[in-house]
Amino acid sequence: MREYSSLFFDGRWQQPAGQGMAEVIDPASEAVAGKVPLGNEEDVERAVNAARRAFGDWSRTPSSVRAGFIRALAEQLKARADEMAAVITTELGMPVQWCRSVQVDGPIVGLEQYIELAGKMDEVREVGNSLLYREAVGVCAFINPWNYPLHQLIGKLAPALAAGCTVVVKPSQETPLHAFLLAEMIEAIGLPAGVFNLVSGPGAKVGEALARHPLVDMVSFTGSTGAGVRVAQAAAPSVKRVCLELGGKSPFLITADAPLEAAVRHGVQDVMINSGQTCTALTRMLLPASRYDEAVEIAVDEARSLVMGDPQDPRSFLGPMCSAGQRRTVQAYIRVGQEEGARLVCGGETAAGFERGFYVPPTIFADVDNRMRIAQEEIFGPVLCLIPYADEAEGIALANDSPFGLSSAVWAGSRDKALQLGRQLRAGQCFVNGGAFNYQAPFGGYKQSGNGREWGEEGLHEFVEVKAIQL
Ligand code: NAD
């Protein structure tokens, strides 16, 4: 068990002002896997003040020196990658088959690109009689969810350090342990005091205090749309920059001339990885009516082939839901789907043979109408909706008929056709014919999926102010 009794601010581990400890539950065994302090508003105050004091010097530190710290952090993460992956498997429940590559190695790739991108801060642009300089936005608060915890933390921290910002991090209460391990690494690389500060605690208390704080210049939030709205409201009176990375209900448009089997199997796996707890999960599969029955059979076959089990077992593709609460939410949606008249063709509310752990089996609904709640609301579990469409125009219309716009995918007979369809989808991402995630590309949502961009050069821009000096 990992137990942390201190919070990290001003460059050292300090006694929290908040009373009590929060337990971290291993969702597979339901045992206590760790404990972290329940921080409070006073801890936020101390962390923000430390970040404020550090900002001047850090933002004036040469970009090459900041890049050196990013490189050192990447080296630390590589050296302790197995330990980090084990922590995330324990707190989140993502199976070992995936956890190291997806939750640790990927974020290291994302982190390393900011070694070079830090140099972008030195570029000066001349327009007419003006010189345009890039400057760090200031003190940043990061409020994060639990589903890809290190990925989300590095997606904010790496560009912030590259830009010269100082940060206060609030991890999710479900998965705080990775952030404490990262703070150990920050301490080990000797990052100047106050540049990185960590406060754990409840969102409504610690998160809102950060979003409200007048000395915080920017809040970057990843999580549900509802909490994101509250963060934006809390931040509004101080007119700070607000970057929101929110939920999704992403469509996967498969055309009649696509290789059906490859596309459908790919789509099922995309939803089931991390037990459906992926913001970009392609949970609405749009299928040509002419090939619908065939597609349903393939989807069910693929879902049944995926092994659900103990995250420590290398054969497991899916593990449990992250928490008992998340399992309740997903089970309630499965009941809603049945009440709405969708046809349950695979899975269901309970996982046979699992007495312990927050498991929900891979679940598929056929004959889903896009107006149903299970097609409009984010379920955040291993639940896939199969929706038929008559022609491609209707397929595009159904794909776009959503309050969300985070991700999307198209699989068509040719790349050109898929590209042409993908351009019509209102979403920040589109994966064409099985294209892979790219850390160099900006990531973020349209519509109620958010307003920010993370990763790549666009990710750096979130942490930059532009100053125009007229000569
Ligand atoms: P959540 O909104 O419940 O919590 C996210 C974070 O916000 C947590 O740290 C929580 O403590 C904090 N929080 C909650 N209420 C708050 C408030 N009123 N003020 C300030 N902070 C508050 O989300 P979750 O259940 O942890 O994560 C799942 C959600 O995150 C899903 O909707 C998923 O789609 C979304 N997500 C989005 C992205 C993206 O990049 N767009 C990535 C991953 C997850």
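Ligands are counted one by one from 1 in listed order, and the atoms in each one are counted from 1 as well. Sequential numbering from 1 along the given sequence is applied to the chain's residues. As the structure is a computational prediction, the values presented were derived from the model and not from experiment.
In this structure, Trp146 is part of the shell of residues with a heavy atom less than 4.0 angstrom from ligand 1. Contact annotation: Lys170 has at least one heavy atom less than 4.0 Å from an atom of ligand 1. Residue-ligand proximity: Ser172 is placed with a non-hydrogen atom under 4.0 Å from ligand 1.
Of the protein's heavy atoms, Pro145 CB, 3.2 Å lies nearest to atom 27 (O) of ligand 1. Remark: minimum distance from atom 18 (N) of ligand 1 to any protein heavy atom is reached at Glu208 OE2, 3.0 Å. The protein atom (non-hydrogen) at minimum distance from atom 6 (C) of ligand 1 is Asn144 O, 3.3 Å. At the top of the distance list for atom 28 (C) of ligand 1, counting protein heavy atoms only, stands Phe380 CE2, 3.5 Å. In terms of protein heavy-atom proximity, atom 35 (C) of ligand 1 is closest to Gly223 O, 3.2 Å.
Near Ala227, meaning under 4.0 Å from one of its heavy atoms, ligand 1 places the atoms 2 (O), 14 (C), 15 (N). Counting atoms of ligand 1 from 1 in the listed order, those under 4.0 Å from a heavy atom of Leu406 are 41 (N). Close approach of ligand 1 to Asn147 is summarised as follows: ligand atoms under 4.0 Å from at least one heavy atom of the residue are 43 (C), 44 (C). With ligand atoms numbered from 1 in the order given, ligand 1 contributes 37 (C), 38 (C), 39 (C), 40 (O), 41 (N) to contacts under 4.0 Å with heavy atoms of Glu245. Shown in contact with Gly207 at under 4.0 Å from a heavy atom are these atoms of ligand 1, numbered in order with element: 20 (C), 21 (N). Numbered from 1 in the order shown, with element, the atoms of ligand 1 that lie under 4.0 Å from a heavy atom of Ile143 read 6 (C), 7 (O), 9 (O), 12 (C), 21 (N).
Not a single protein heavy atom sits closer than 4.0 Å to atom 4 (O) of ligand 1.
Taking the six-membered ring for Trp, Tyr148 and Trp98 have ring centres at least 6.0 Å apart.
Ala179 approaches Leu198 most closely through the heavy-atom pair O-CD2, 3.7 Å. Between Glu462 and Cys243, the shortest heavy-atom contact is OE1-SG, 3.6 Å.
A salt bridge links Arg80 with Glu184: at least one charged nitrogen is closer than 4.0 Å to a carboxylate oxygen. Using a 4.0 Å cut-off between a side-chain N of Lys or Arg and a carboxylate O of Asp or Glu, Arg2 and Glu83 qualify as a salt bridge. A salt bridge does not link Arg46 to Asp10: none of the charged side-chain nitrogens sits closer than 4.0 Å to a carboxylate oxygen.
Counting heavy atoms under 4.0 Å from ligand 1, residue Arg230 touches it through the side chain alone. When non-hydrogen atoms are compared, ligand 1 lies under 4.0 Å from the side chain of Val231 (C-beta onward) but not from its backbone. In Glu454, neither the side chain nor the backbone holds a heavy atom less than 4.0 Å from any atom of ligand 1. By the criterion of a heavy-atom distance under 4.0 Å, the side chain of Phe221, and not its backbone, is placed next to ligand 1. When heavy-atom distances to ligand 1 are checked against a 4.0 Å cut-off, Leu246 comes that close only through its backbone atoms N, CA, C and O.
Listed by chain and number, the residues in a side chain to side chain donor-acceptor pair (under 3.5 Å) with Asn144 amount to none (sequence neighbours excluded).
Relative ring orientation between Phe437 and Phe431 is described as parallel, the plane-to-plane angle staying below 30° on a 0-90° scale split at 30° and 60°. Between Trp455 and Tyr114, the ring planes are tilted. Angles from 30° to 60° get that label. Between Trp411 and His266, the ring planes lie perpendicular to each other; the angle is over 60°, past the 30° to 60° tilted range.
Between atom 36 (N) of ligand 1 and the options Gly228, Cys279, Cys322, the minimum heavy-atom separation is to Cys279. The residue among Gln173, Glu378, Gln277, Arg453 with a heavy atom at the shortest distance from atom 31 (C) of ligand 1 is Glu378. Closest to atom 40 (O) of ligand 1 by heavy atom, among Phe404, Phe443, Trp455, is Phe443. For the residues Ala234, Ser250, Gly203, Ser224, the heavy atom positioned nearest atom 21 (N) of ligand 1 is part of Gly203.
Taking CG of Leu253 as the start and CE of Met285 as the end, the distance is 11.0 Å to the nearest 0.5 Å.
Of the polar atoms of Gln152, none of the N or O atoms is found under 3.5 Å from an N or O of ligand 1, judged by distance alone.
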**Request:** Carefully, step by step, assess Glu465 and Arg241 under the rule salt bridge (charged side-chain N to carboxylate O under 4.0 Å, His left out).
**Result:** CA-CA 10 Å; Glu465 290 281 18; Arg241 186 178 296 186; 3.4 Å; yes
**Prompt:** Arg52 and Asp217: salt bridge (charged side-chain N to carboxylate O under 4.0 Å, His left out), yes or no, with the steps?
**Reply:** CA-CA 10 Å; Arg52 192 80 253 163; Asp217 300 290; 2.8 Å; yes
**Request:** Go through the steps for Phe196 and Leu157 under the test side chain to side chain contact (heavy atoms under 4.5 Å, CB included), then give the verdict.
**Result:** CA-CA 9 Å; Phe196 175 98; Leu157 179 62; 3.9 Å; yes
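Using a 4.5 Å cut-off on side-chain heavy atoms (C-beta onward), Phe221 and Glu245 make no contact.
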